[in-house]
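Okay, structure first, notes after.
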Amino acid sequence: MSSPASASGLEAAYHRLHPKIRRWIRDQGWDELREIQARTIVAVLESDRDVLIAASTAAGKTEAAFLPILTSIADRKASGFAVLYISPLKALINDQFRRLEELSESMEIPVVKWHGDAPQSEKKKAMAKPDGIALITPESIEAMLVRRPADARRLLSSAEFIVIDEVHAFLQGPRGLHVASLLRRIDAMSERPARRIGLSATIGDLDQAAAWLRPTDPQHVERLKAKSDAPELRLQVRGYIEPPDLDDPDHAEGGAEGAGDMPHRIALDYIADHLFEKLRGENNLVFGGSRRTVESAADRLRLRSEKSNVPNEFYPHHGSLSKVLREELEERLKDGKLPTTAVCTSTLELGVDIGSVKSVAQIGAPRSLASLRQRLGRTGRRRGTPSVLRIYLREPEITQKSGIMDRLRPNTIRSVAVVQLLLKEFVEEAGAAPEIASTLIHQVLSVITERGGIRPKPLFDLLCGPGPFSSVGPSDFANLLRHLATKEVRFIEQAPDGTLMLAQEGEKTVQSRSFFAVFESSEEWRLTVGGRSLGTLPITYPVHKDGLVVFAGQRWIIHDLDEQTKTLVVAPHPGGVVPRFEPSAGEPAHDRLIAEMRAVYLTDDIPPYLDEKAQELLAEGRTTFRLLRLDHRSLVSEDRDMHVFLWKGSQVTAVFSAALAMAGLASGVHDLGVSVSKIKELELRPILATLAQMHELDPADVADFVANIKVGKFREAVPDDLARGLWAQQNRKAILAVAPCAGLLA
DNA sequence: GACCTGCTGCGGTCTG
């Protein structure tokens, strides 16, 4: 293969492209192709392999894929879509449509947006004369298969390329299982399976992504990883102390009407002061971690603008806000005429186009390198400008009553550990999705509907071959089908000739509009003001007439509520409390992150990016670590509890806690290990010694002690033994780690 | 269990 890294390689790649595309490139004023684009062109046009492209957000991945693909399909005559582009977000489809529109028009290749909000007329047109490129969501593919199976075959089965954007978003979670299953089903209806082109952000494990992209032949996937072009990083970690006995670190600031008595200031007030001072005048993103923190911080920032008599430029952005409000803010960011800071959850993490921002701030210590990198990718995108990151920590004030978990300052230590790993360019691999059984049930219902009935054997072969459900064997599958046919579930029934068909409940489930997605959505209140929708609140949120609420960065009073339509009519009001959205816990931490935290405790160096307070917090954490002699001790008693320091990631820690439950001990988990209540060291040691002997620990036995083992949209239809069996398989390594871990402790 | 993501087809009304 040629080496396209050289100038002549770039040139050679360019000349492989269709003349009309070369012209389009000249018209764009590009002086040359990016290296990753040249390599992709060669890979797509000079082989028949699947291709995985891993590169940062602004590297031009879309063009890298589509320039050679359009070249390849330029003279195609067959009917049906030539290219399927699958995206996790409608907004991304709209962005890509704009980027591809002009290019494909010059090639006379049609492009159609195919998602729930796309115009019906365009879809109808494409249905009549399917050709070119379809930009589609997984759920719209599902809908097509279930509602119009004949059309689905006609439109999808002759595709030559399937491009999957944001592959990293599909490596984790049930939606990834869903897409992988849809890919299998599309292949099964095709005479010649389409080549798969995966586009991904920088990911930790390319082999894992290749296995997801082509489970039948991961070795054959060509992996193209862009050379790191990370800009200079300017970074600060700032520490803040919460007042003692604070029960709500996200409470709304004492409102405008409360003037006179100075409200008790909490950490978020000081953080807002700093954000207000540093971010005004530029575009920025502030990641709050939860919708509640986002609303509370946005509220504070707006009040500061009002008090200073300057126009507000801080606005909240999260999944409960109405689409209109969110799009207005995205547009304002992209437009760049007015300085704008979005205070957001993870909504602005994926690739929706908002232009480059001056800085990124994060409230709370990060837990995942993958997501921190993705966030950081939003800044420093213009050549020569640095990435700017500020991390704001909140730690409790230490009093007489404080426990050792507070004194160890784990948030501060974790922040330092995350930054160290960021500088080492570590990214964690994706964790396995526990929703296998639930998602398989979804696909069973879908295939039966698509085919108008199918026998068990071909159904098994279609769904459970190499791919998302390969861990389900023939007997597990038979058991699952039998369970779905019981009168408690009534999803399916079997005709005398063996054909599986939908039963009463299955019929009802598939008919519903909410069937197409494999994830759930809970019922919600809709907030409206003057007929305009602001967004939604969870139905569990207690509301009453004249109640006050902070939402969408402003304060409201509830004028009226309609139980039938689940609508709250609100009006502006100076008071308000921040609604609680969901209870909190946190995303899982990787083994390596926790190991790095231990390394931070063990060393003495003080990173220069810590402010004075954060340095103090780091020193406090290290002092506590040394006082407890945690460098060579793992069991620490406190009051009537025992802390067991495991120094492993969330998965191993959770499994260890289940193993303790098996031994009759209730324990709580945290970043550094587990805490067992009401036990003495003398009682705990023999139990750990017993666990240390259990080298043949039966995973299924441990599984019996795991709470909420059935997960996913169809968890209630999952048979017990299948749930336990799959859990045991997915946690095998962590279970094997229990005995050696216990051995070190005992 | 932090956060996020998605959605048919029909029948009705309105507009040019």
Side-chain angles (χ1 to χ4, degrees), chain A residues 86-93 114-118 120-121 123-124 127 136-149 151-152 165-166 168-170 172-179 182 249-250 287-295 316-321 323 326 343-352 362-368 370-372 374-375 411 431 433-435 439 442 446 449 509-522 535-536 538 580-589 650-651 654 668-669 671 706-713 715:
Chain A
I86 303 176
S87 155
L89 300 176
K90 291 181 289 191
L92 204 53
I93 286 181
W114 197 295
H115 59 67
D117 297 340
Q120 195 70 37
S121 55
K123 291 189 247 180
K124 282 229 172 77
M127 197 109 75
I136 194 165
T137 59
E139 289 72 21
S140 283
I141 297 178
E142 180 65 51
M144 209 194 287
L145 287 168
V146 167
R147 297 279 205 260
R148 305 171 161 271
D151 287 330
D165 204 354
E166 310 276 10
H168 57 279
F170 291 125
Q172 219 149 11
R175 220 167 163 213
L177 303 173
H178 187 202
V179 176
L182 293 174
D250 291 325
F287 289 94
S290 76
R291 287 172 284 190
R292 188 169 159 76
T293 308
V294 162
E295 285 291 353
H317 191 282
H318 57 73
S320 294
L321 288 174
K323 203 174 125 127
R326 289 166 59 168
V343 187
C344 58
T345 54
S346 58
T347 36
L348 291 174
E349 197 175 291
L350 273 190
V352 186
Q362 154 106 20
I363 302 175
R367 300 180 69 84
S368 137
S371 106
L372 184 64
Q374 192 79 6
R375 292 173 181 189
N411 296 323
E435 296 90 347
T439 311
H442 179 262
S446 171
T449 313
T509 304
V510 173
Q511 278 315 310
S512 147
R513 189 172 74 107
S514 60
F515 175 72
F516 309 118
V518 293
F519 50 89
E520 292 177 279
S521 45
S522 49
T536 59
R580 287 179 196 274
F581 290 87
E582 295 288 327
S584 71
E587 61 185 324
S650 306
Q651 194 192 8
V669 300
D671 272 0
V706 179
N708 307 325
I709 204 160
K710 297 183 187 177
V711 289
K713 190 177 179 181
R715 60 183 171 276

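Convention: sequence-line order gives letters A, B, ...; per-chain numbering from 1.
Look at CG on A:L350: it is 10 Å from P on B:dG6, rounded to the nearest Å. Atom CZ in A:R367 sits about 11 Å away from atom C1' in B:dG1, given to the nearest Å. Between A:Q120 atom CD and B:dG9 atom P the separation is 7 Å, expressed in whole Å. In this entry the distance linking CD1 of A:I93 with P of B:dG6 reads 9 Å, nearest Å. Following rounding to the nearest Å, A:I86 (CD1) and B:dC7 (P) show an atom-to-atom distance of 13 Å. The distance from atom CD of A:E520 to atom C1' of B:dG1 is 12 Å, rounded to the nearest whole Å. Rounding to whole angstrom units, CG of residue A:D151 and P of B:dG9 are separated by 9 Å.
At least one donor-acceptor pair under 3.5 Å links the side chain of A:R175 to the backbone N or O of A:P88.
Across A:F515 and A:V146, no two heavy atoms sit closer than the pair CE2-CG2, 4.0 Å. Taking both residues in full, the closest heavy atoms of A:T345 and A:S290 are given as CG2-C, 3.7 Å, listed atom of the first, atom of the second, then distance.
The side chain of A:S371 places no N or O atom within less than 4.0 Å of a non-bridging phosphate oxygen (OP1 or OP2) of B:dC3.
Looking only at atom types and distance, the side chain of A:H115 has no donor-acceptor partner in the side chain of A:T137 under 3.5 Å away. At a cut-off of 3.5 Å, with distance as the only test, a side-chain donor of A:T293 or A:D250 sits close to an acceptor on the other residue.
The listed nucleotides are B:dC4, B:dC7, B:dG6; the one nearest the side chain of A:R175 is B:dG6.
At a cut-off of 3.5 angstrom, the base of B:dT8 holds no donor-acceptor pair with the side chain of A:R147.
Nearest-nucleotide mapping onto DNA chain B: of A:R148 and A:E139, the residue sitting toward the 5' end is A:E139. Comparing A:S346 and A:S521, the nucleotide of DNA chain B nearest to each residue sits closer to the 5' end for A:S346.
Within the nucleic acid shown, A:R715 has no heavy atom closer than 4.0 Å to any nucleic acid atom. Base engagement by A:S514 is indicated by at least one non-hydrogen atom pair under 4.0 Å involving a base atom.
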